[in-house]
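Notes to accompany the following structure.
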Amino acid sequence: MQNGEIAAIFYQIADLLELQDVPFKPQAYRKAARQLESMSDDIEQVAKEGKLEEIPGVGKALAEKIQEYIRTGKIKHLEELKKKVPGNLDELLAVPGLGPKRAVILYRKLKVDSLEDLEKAASLGKIRNIEGFGEKSEQEILKGISLLRRGQERMLLGVALPIAREIAKKLQELDEVQKIEIGGSIRRRAETIGDIDLLITSTKPQKVMDFFTSMPEVERTLAKGDTKSSVLLGNGKQVDLRIVENKSFGAALQYFTGNKDHNVKLRTIAIKKGLKLSEYGLFRKNKLVAGKTEQEVYAALGMKYIEPEMRENQGEIELAIKGNLSKLIGYGDMKGDFQMHTKFSDGVNTIKEMAIAAKQLGYEYIAITDHSKSERIANGMDEKRLLQYVQEIRKAEKEVKGIRIFVSCEVSIKVDGSLDYSDDILKKLDIVSVSIHSGFKMPKETMTQRICSALQNKYVDIFNHPTGRYINLRDPYDFDFDKMVETSVKNKVHLEINASPERLDLKDSLIRRAKELGAKFTVSTDAHSINGLVAMELGVAMARRGWLEKKDVVNAHGLKELSKFFKHKNL
DNA sequence: GCCGTTTTCGGCCCGACTGTTTTCAGTCG
């Protein structure tokens with residue numbers, strides 16, 4: 001998929017245009033870029049079908065540029081813009097607090113055209129004397145640069161969510177705080193999080209702000225007002241706190257949940273109805289029409305309530321207006337977990353310990369999936385140990401009682417597409433799941449064949465972490481996604497949504513794509529200890545972001561219904 | 001550069017905070 005590459009170019013074009021003070025075009029480029037990043041279709045495919053201009057935010061000019069990139073691998077317009085803008089001036093826009101206007105002033109006055117130059121100029125005290133700047137802005141620029149270098153990467157959802165909950169809990173304990181909600185991309189359960197947004201109602205905002213800005217984990221206060229404050233934590237991450245009145249809480253929560261494009265569209269719809277939507281409510285003239293709850297706001301705009309995980313302007317608003325939104329799978333719907341490891345390979349707990357922990361979570365069943373023999377580094381099991389493992393699981397099931405424990409295995413797909421165990425071994429397992437663990441850098445064709453040939457083995461039930469990516473660390477291996485999904489549908493192989501925080505694989509857009517192609521899914525934690533089992537929440541979040549319903553997810557079904565999802569099996 | 005059941009031209013979401021200012025522009029979300 002070239003979606004991301006083209007989006008990156010559009011973002012850069014937007015920056016370069018902004019530096020030249022071109023109005024409106026930057027927003028247009030950015031809107032298109034965001035759309036490309038989050039859409040589920042392969043841009044090359046969309047282009048082939050001649051449907052580029054159907055993408056919201058893409059018109060004639062951008063469609064041509066996308067075509068140009070697919071054809072030539074570059075966009076001439078970008079090269080031309082680069083010639084007009086000196087050096088790496090666009091780097092400067094990444095410095096918090098420094099925008100296009102002042103970046104250009106710095107270039108004109110000091111010939112600063114890179115991050116390095118900027119840092120030098122600021123530390124030599126050259127910036128404070130320029131009109132429009134002062135000593136304070138010079139310091140802000142220096143801090144901004146070091147911040148940029150330190151914490152540029154977005155946090156994993158699995159990291160941000162507990163931090164946000166911890167801070168929210170502290171604030172909740174204050175007498176002055178009435179309602180509190182976590183907003184922003186965390187509430188939408190995006191896979192990575194830029195900063196943490198909190199929303200509060202309070203009668204004494206100043207006291208709350210005082211507490212907030214002086215919490216021990218706060219390293220620096222960026223802004224402090226009656227309704228809005230921002231702080232930086234020791235890990236370099238920003239937390240924004242907003243305080244509103246009770247009558248505006250729903251409108252504010254809606255607003256601060258986003259995403260941006262979803263909100264812009266809602267506001268446009270409001271305007272067409274003669275209304276005005278802001279974080280303070282939905283207004284007709286100056287009269288508040290709705291605002292206390294989100295439900296009220298969506299209803300007043302003439303649509304069904306939209307779950308936060310869907311708010312990405314990917315067609316959900318249109319569906320909500322027609323009343324055709326699907327009912328998303330719920331966080332409490334999971335009845336079991338199909339992937340976890342024990343001491344038999346690279347896990348830290350025993351089979352029994354995992355089973356007891358899973359039972360406490362209310363599950364009806366789990367599958368133990370220790371590694372197959374080629375995973376030597378993960379203590380993969382040879383055939384002899386595998387037999388011992390089977391017995392051990394059967395024994396644990398009798399001892400723990402009240403939870404079904406399936407004998408399964410995470411079987412590696414070898415480089416030639418064959419599996420790590422023979423069919424004679426595979427047929428002894430209750431459930432067979434397969435994974436790519438090596439040979440990631442194959443050409444697309446070969447990798448596609450390798451995967452598809454494994455999925456055609458008649459004993460295979462689940463394809464684990466199908467793209468192999470690690471968020472921020474490792475890109476997916478290159479393969480034909482649609483072909484893989486088609487093969488898995490044909491062979492009744494389910495696609496795993498791996499819930500471990502650093503994987504979240506499949507990701508949201510691919511889940512949607514796979515669902516369109518008829519796939520069924522499992523959501524599993526890949527836990528390597530009893531603590532890892534709680535990651536299920538993140539997997540369900542991804543399923544919801546992929547618009548899945550309960551019926552799409554195999555392990556949202558009880559033990560009794562399970563057999564119908566598996567081929568030739570009586571579970 | 002995009003978009004349209006008020007428009008194919010003339011709009012483009014709305015508001016808070018900060019620093020450098022004597023009333024506001026720039027930046028951010």
Side-chain angles (χ1 to χ4, degrees), chain A residues 10 13-14 16-19 21-35 52-66 75 77 81 92-106 127-141 143-144 183-185 193-199 205 209 213 221-231 238-244 248 251-252 254-283 301-302 313 321:
Chain A
F10 282 180
I13 291 177
L16 293 169
L17 289 169
E18 202 152 59
L19 284 166
D21 210 15
V22 178
F24 303 114
K25 290 190 188 186
Q27 289 96 304
Y29 274 95
R30 290 198 183 107
K31 184 183 177 191
R34 288 193 299 268
Q35 203 68 31
L52 286 175
E53 289 188 47
E54 287 176 24
I55 300 169
V58 175
K60 197 157 177 281
L62 291 190
E64 273 169 21
K65 290 188 175 66
I66 293 172
I75 293 176
H77 189 48
L81 284 170
L92 271 48
L93 299 182
V95 178
L98 195 57
K101 296 281 188 328
R102 300 202 306 161
V104 168
I105 293 175
L106 289 174
I127 289 177
R128 65 185 73 179
N129 301 321
I130 297 172
E131 203 182 321
F133 292 81
E135 218 167 310
K136 194 103 186 205
S137 11
E138 193 173 80
Q139 288 310 309
E140 288 303 306
I141 285 172
K143 283 179 191 165
S185 49
I193 306 298
D195 53 30
I196 295 172
D197 293 300
L198 298 168
L199 185 69
M209 291 306 191
T213 52
T221 299
L222 297 170
K224 189 181 174 191
D226 282 345
T227 66
K228 177 182 172 179
S229 294
S230 298
V231 299
Q238 186 170 330
V239 186
D240 295 332
L241 177 64
R242 300 288 303 232
I243 300 182
V244 296
S248 302
Q254 194 290 313
Y255 178 67
F256 293 115
T257 298
N259 77 358
K260 189 187 178 81
D261 294 321
H262 177 94
N263 286 355
V264 169
K265 185 163 256 175
L266 286 193
R267 287 184 179 202
T268 315
I269 290 171
I271 291 167
K272 276 184 204 145
K273 291 180 182 288
L275 301 164
K276 188 187 74 168
L277 179 62
S278 78
E279 57 262 56
Y280 296 108
L282 187 63
F283 297 89
L301 288 171
N313 193 30
I321 291 170

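Chain identifiers are assigned alphabetically (A, B, ...) following the order of the sequence lines, protein sequences preceding nucleic acid strands; residue numbering begins at 1 within each chain. Note: hydrogens, waters and symmetry copies are ignored here, and every other heavy atom, side chains too, is used. All values reported here derive from a predicted model rather than from experimental measurement.
- Salt bridge annotation for A:Glu279-A:Arg267: present, with a cationic side-chain nitrogen under 4.0 angstrom from a carboxylate oxygen.
- As judged by a 4.0 angstrom heavy-atom cut-off over every strand, A:Leu266 is placed among residues making no nucleic acid contact.
- At a cut-off of 3.5 angstrom, the base of B:dG15 holds no donor-acceptor pair with the side chain of A:Tyr280.
- For the pair A:Lys228 and B:dA16, the criterion of a side-chain N or O lying under 4.0 Å from OP1 or OP2 is not met.
- A close approach under 4.0 Å does occur between a side-chain nitrogen or oxygen of A:Ser137 and OP1 or OP2 of B:dT20.
- Separating the P atom of B:dT20 from that of B:dT27 is a span of 13 Å, rounded to the nearest Å.
- Under the 30°/60° scheme for interplanar angles, the aromatic rings of A:Tyr29 and A:His77 are found to lie parallel.
- Residue A:Lys25 places none of its side-chain N or O atoms closer than 4.0 Å to OP1 or OP2 of B:dC12.
- In this structure, the aromatic ring of A:Phe133 is not positioned over the six-membered ring of the base of B:dT20 within 5.5 Å between centres and 30° between planes.
- Across all strands shown, A:Lys136 has heavy atoms under 4.0 Å from sugar-phosphate atoms exclusively, and none from any base.
- In this structure, A:Glu18 pairs ionically with A:Arg30, as a charged nitrogen and a carboxylate oxygen lie closer than 4.0 Å.
- For B:dC24, the OP1/OP2 oxygens have no side-chain nitrogen or oxygen of A:Lys101 closer than 4.0 Å.
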Are any protein N/O atoms closer than 3.5 Å to N/O atoms in nucleotides 5-10 of chain B? If there are, list each pair with its distance.
none

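- Using a 4.0 Å heavy-atom cutoff across all strands shown, A:Val95 reaches sugar-phosphate atoms only and no base atom.
- A sub-4.0 Å separation between OP1 or OP2 of B:dC17 and a side-chain N or O of A:Ser230 is absent.
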